[in-house]
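Counting convention: from 1, in listed order, for ligands and their atoms alike.
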Amino acid sequence: MNCREAQGLIHGFVDSELDLVSNLEMERHIHECPGCSATHERLRAMHTAVSDNSLYFQLPAGVEDRLRARLRKVNRVENRVRAIAPSWRGIGIAAALVLCIAGTWQVATTRQRFSTTETIGEEVVASHVRSLMATHLTDVPSSDQHTVKPWFNGKLDFSPVVADFADRGFRLDGGRLDYLDNRAVAAMVYRRRQHVINLFTWPTSQPDLDIKTFDRQGYHAFRWTKHHMTYWVASDLNPEELRQFAGMLRNIE
Ligand SMILES: [Zn+2]
């Protein structure tokens with residue numbers, strides 16, 4: 001990728017709208033090119049600033065009802081005094097505008113709430129691919145769960161599940177810190193023959209969910225939630241064996 005191509009894709013990159021391959025090529029280019037890296041930093045800062053939650057305003061309960069009541073009243077008054085006071089009409093239009101804005105807010109916040117599974121799935125697969133390309137697949141390379149689990153102490157605000165299934169052909173290879181869903185998460189690395197499996201975990205407020213599949217660009221992923229923890233496994237391993245692995249993990253108490 002050259003700078004011209006990178007500049008054409010950089011807005012999509014900042015908005016997380018690129019496909020996996022373009023995303024990885026962009027990451028590599030930005031890593032190597034100081035010019036595009038500076039542009040990226042600037043855009044990212046701007047993006048963070050405008051998506052800052054403090055700029056979003058949650059409409060207090062009851063405001064919509066009060067506005068509707070006011071609007072009805074205004075309309076009644078307007079009908080009565082239209083002949084002598086045409087400026088009331090302006091107030092009616094203003095109130096309608098406020099209602100429109102309130103509606104837009106609602107749509108925006110609903111969209112924010114439902115963007116999750118799809119975007120997180122993309123992030124999970126991208127993280128898996130990146131872990132294979134990068135030089136450090138693990139921060140703590142060890143097949144001993146009693147070495148891997150304590151390594152996360154003080155690095156995360158939760159204690160991740162670390163299990164070893166070497167006796168069933170899924171060998172623990174280590175763990176590392178990763179970043180998904182806007183937070184630090186635990187990534188455990190397992191191996192099944194020559195295939196690497198990443199298991200990502202982090203806390204959630206969601207209730208328990210059964211295992212669901214998510215496929216992207218030749219990679220398979222499964223997700224579930226249990227005991228207020230979210231789990232994602234991702235690999236190029238065949239879906240049957242990966243599903244079996246997910247099932248074993250979900251059965252741990
Ligand atoms: Zn460049």
Side-chain angles (χ1 to χ4, degrees), residues 1-56 104 107-109 111-141 151-152 155-157 173-191 194-202 214-221 223 230 232-237:
M1 180 177 287
N2 60 36
C3 289
R4 215 164 53 92
E5 289 166 330
Q7 294 293 337
L9 290 174
I10 202 156
H11 287 275
F13 180 66
V14 171
D15 292 331
S16 312
E17 286 166 351
L18 299 187
D19 63 78
L20 189 57
V21 174
S22 310
N23 207 57
L24 291 168
E25 283 177 1
M26 275 301 289
E27 274 181 15
R28 197 175 308 158
H29 182 82
I30 283 169
H31 187 68
E32 290 164 355
C33 169
C36 292
S37 169
T39 311
H40 174 244
E41 270 310 304
R42 230 176 16 253
L43 285 172
R44 211 172 50 88
M46 201 155 68
H47 188 264
T48 310
V50 297
S51 58
D52 185 341
N53 270 341
S54 65
L55 292 175
Y56 287 83
T104 312
V107 170
T109 50
R111 265 188 52 170
Q112 233 173 11
R113 227 177 298 138
F114 286 106
S115 66
T116 48
T117 306
E118 187 74 11
T119 46
I120 294 172
E122 301 267 359
E123 279 184 52
V124 163
V125 172
S127 243
H128 172 72
V129 175
R130 201 177 306 127
S131 77
L132 303 179
M133 298 169 85
T135 44
H136 84 291
L137 182 59
T138 54
D139 290 329
V140 50
W151 181 83
F152 286 99
K155 298 185 178 73
L156 292 169
D157 56 358
D173 221 39
R176 69 169 192 284
L177 281 180
D178 214 309
Y179 196 80
L180 289 170
D181 194 20
N182 298 315
R183 59 158 302 141
V185 305
M188 300 310 154
V189 180
Y190 290 86
R191 274 181 204 272
Q194 75 278 27
H195 303 278
V196 170
I197 305 171
N198 269 288
L199 160 68
F200 303 96
T201 52
W202 67 96
F214 182 94
D215 293 337
R216 207 47 107 242
Q217 303 184 242
Y219 293 94
H220 306 289
R223 71 182 166 94
T230 293
W232 280 86
V233 289
S235 182
D236 64 341
L237 180 66

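- Listed by chain and number, C3 SG, H29 NE2, C33 SG, C36 SG are the protein N/O/S atoms closer than 2.8 Å to the Zn ion (ligand 1), with waters left out.
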Legend entry - Test log, rule side-chain contact (heavy atoms from CB on, under 4.5 Å), inputs L24 and M133: CA-CA 10 Å; L24 291 168; M133 298 169 85; 4.0 Å; yes
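- Taking the charged nitrogens against the carboxylate oxygens, R216 and E123 have no contact shorter than 4.0 Å, which rules out a salt bridge.
- Residues passing the salt bridge (charged side-chain N to carboxylate O under 4.0 Å, His left out) test with E17: none are found, sequence neighbours excluded.
- In this structure D178 satisfies the salt bridge (charged side-chain N to carboxylate O under 4.0 Å, His left out) test together with R176, sequence neighbours excluded.
- In this structure the side chain of L180 never reaches within 4.5 angstrom of the side chain of I120, judged on heavy atoms.
- Within the structure, side-chain hydrogen bond (donor to acceptor under 3.5 Å, both in side chains) contacts touching residues 23-37 (residues at least two apart or in different chains) are E27-R130.
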